[in-house]
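Presented below is the structure to which this report refers.
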Amino acid sequence: MPYGSTYASSKWAVIGFSESIRAEMNVTGNKHVRTTVVCPSYIGTGMFEGAEAPKATNILDPTELAEKVVRGVERDRVNVWEPWMVKITPLLRELLPTAIYDKLSHLFGADTSMADWKGHEAASKAKPTPKPQSESREQPEAER
């Protein structure tokens with residue numbers, strides 16, 4: 001996900017963690033613990049300000065997405081991925097050669113959909129918090 005590597009990496013971390021916990025709970029007999037991975041595309045919440053939905057998709061409505069997530073958890077779904085393009089992306093990624101996958105991503109505008117994303121700018125433009133001055137362990141010369 002060009003221009004959104006920090007966002008994408010956090011999604012991958014959640015997917016890997018959830019899959020590991022699900023499998024671990026299964027093999028240890030703790031089947032009462034379940035996970036549902038939620039991977040939405042861009043949601044109309046302000047977090048995705050400047051992002052543009054790839055062609056043939058829309059920015060997701062937060063209320064509609066929340067209802068789908070609740071239904072997914074209630075039905076014990078392993079994944080809730082929205083919209084349709086997000087659902088088929090893992091399959092396409094695995095089946096297609098990288099060059100063809102990249103061309104499809106470009107054709108749909110997915111590779112540039114976060115080019116104007118503002119979500120990452122706030123963190124990069126934030127002023128660093130001044131560090132408190134550390135106390136000197138040495139005594140001032142007058143006290144020596």
Side-chain angles (χ1 to χ4, degrees), residues 1-140:
M1 180 180 282
Y3 310 102
S5 57
T6 54
Y7 179 72
S9 63
S10 66
K11 277 189 176 184
W12 280 109
V14 168
I15 292 167
F17 177 75
S18 298
E19 287 183 2
S20 294
I21 290 295
R22 181 192 52 75
E24 185 176 327
M25 294 299 101
N26 231 2
V27 300
T28 60
N30 293 297
K31 296 181 182 189
H32 63 285
V33 178
R34 296 179 200 72
T35 63
T36 299
V37 175
V38 179
C39 287
S41 182
Y42 310 138
I43 309 165
T45 60
M47 178 180 167
F48 295 99
E49 181 185 343
E52 189 173 320
K55 293 174 187 160
T57 66
N58 294 314
I59 301 289
L60 298 171
D61 176 82
T63 302
E64 290 176 19
L65 178 63
E67 290 169 2
K68 289 180 180 186
V69 170
V70 169
R71 276 196 311 272
V73 170
E74 289 174 341
R75 294 175 180 165
D76 200 21
R77 296 249 165 90
V78 174
N79 298 302
V80 175
W81 293 16
E82 290 293 330
W84 69 272
M85 188 180 286
V86 173
K87 292 177 184 178
I88 67 166
T89 296
L91 179 64
L92 294 176
R93 185 72 191 100
E94 292 301 317
L95 293 177
L96 297 175
T98 301
I100 294 174
Y101 177 84
D102 288 348
K103 284 181 184 181
L104 274 175
S105 179
H106 182 69
L107 178 70
F108 278 91
D111 62 346
T112 57
S113 64
M114 290 189 86
D116 295 320
W117 178 45
K118 309 290 185 233
H120 60 90
E121 290 178 3
S124 66
K125 289 182 179 178
K127 293 182 180 179
T129 306
K131 294 181 182 177
Q133 291 183 340
S134 60
E135 294 180 22
S136 174
R137 292 182 184 218
E138 292 184 30
Q139 293 177 342

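FYI, the numbering just counts along the sequence from 1.
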As an exercise, state the distance from [atom1] of [X] to [atom2] of [Y], rounded to the nearest 0.5 Å.
X: Leu104; Y: Leu96; atom1: CG; atom2: CG; answer: 6.0 Å
X: Leu60; Y: Leu65; atom1: CG; atom2: CG; answer: 5.5 Å
X: Ser113; Y: Lys55; atom1: OG; atom2: NZ; answer: 11.5 Å
X: Tyr101; Y: Glu94; atom1: OH; atom2: CD; answer: 10.0 Å

**Request:** Quick one: do Asp116 and Tyr3 satisfy side chain to side chain contact (heavy atoms under 4.5 Å, CB included)? Show the steps, please.
**Result:** CA-CA 8 Å; Asp116 295 320; Tyr3 310 102; over 6 Å; no
**Request:** List the steps, then state whether side chain to side chain contact (heavy atoms under 4.5 Å, CB included) holds for Thr98 with Arg93.
**Result:** CA-CA 7 Å; Thr98 301; Arg93 185 72 191 100; 3.7 Å; yes
Taking [X] for the side chain and [Y] for the main chain, is one N or O donor matched with an acceptor at less than 3.5 Å?
X: Ser105; Y: Ala110; result: no
X: Ser18; Y: Val14; result: yes
X: Asn30; Y: Val33; result: no
X: Trp81; Y: Ser41; result: no
X: Lys118; Y: Gly46; result: no
X: Arg75; Y: Val73; result: no

**Asked** Quick one: are Val86 and Pro40 in side-chain contact, heavy atoms under 4.5 Å?
**Response**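 No, their side chains stay 4.5 Å or more apart.
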**Asked** Which of these passes salt bridge (charged side-chain N to carboxylate O under 4.0 Å, His left out) with Glu82: Arg77, Lys87, Arg71?
**Response**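 Of the listed options, the one satisfying the test is Lys87.
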**Prompt:** Is there a side chain to side chain contact (heavy atoms under 4.5 Å, CB included) between Lys31 and Met25 once you walk through the steps?
**Reply:** CA-CA 6 Å; Lys31 296 181 182 189; Met25 294 299 101; over 6 Å; no
**Request:** Mind running side chain to side chain contact (heavy atoms under 4.5 Å, CB included) on His106 and Asp102 for me, showing each step along the way?
**Result:** CA-CA 6 Å; His106 182 69; Asp102 288 348; over 6 Å; no
**Centroid-centroid distance, Tyr7 to Tyr42, less than 6.0 Å** =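 Ring centres of Tyr42 and Tyr7 not closer than 6.0 Å.
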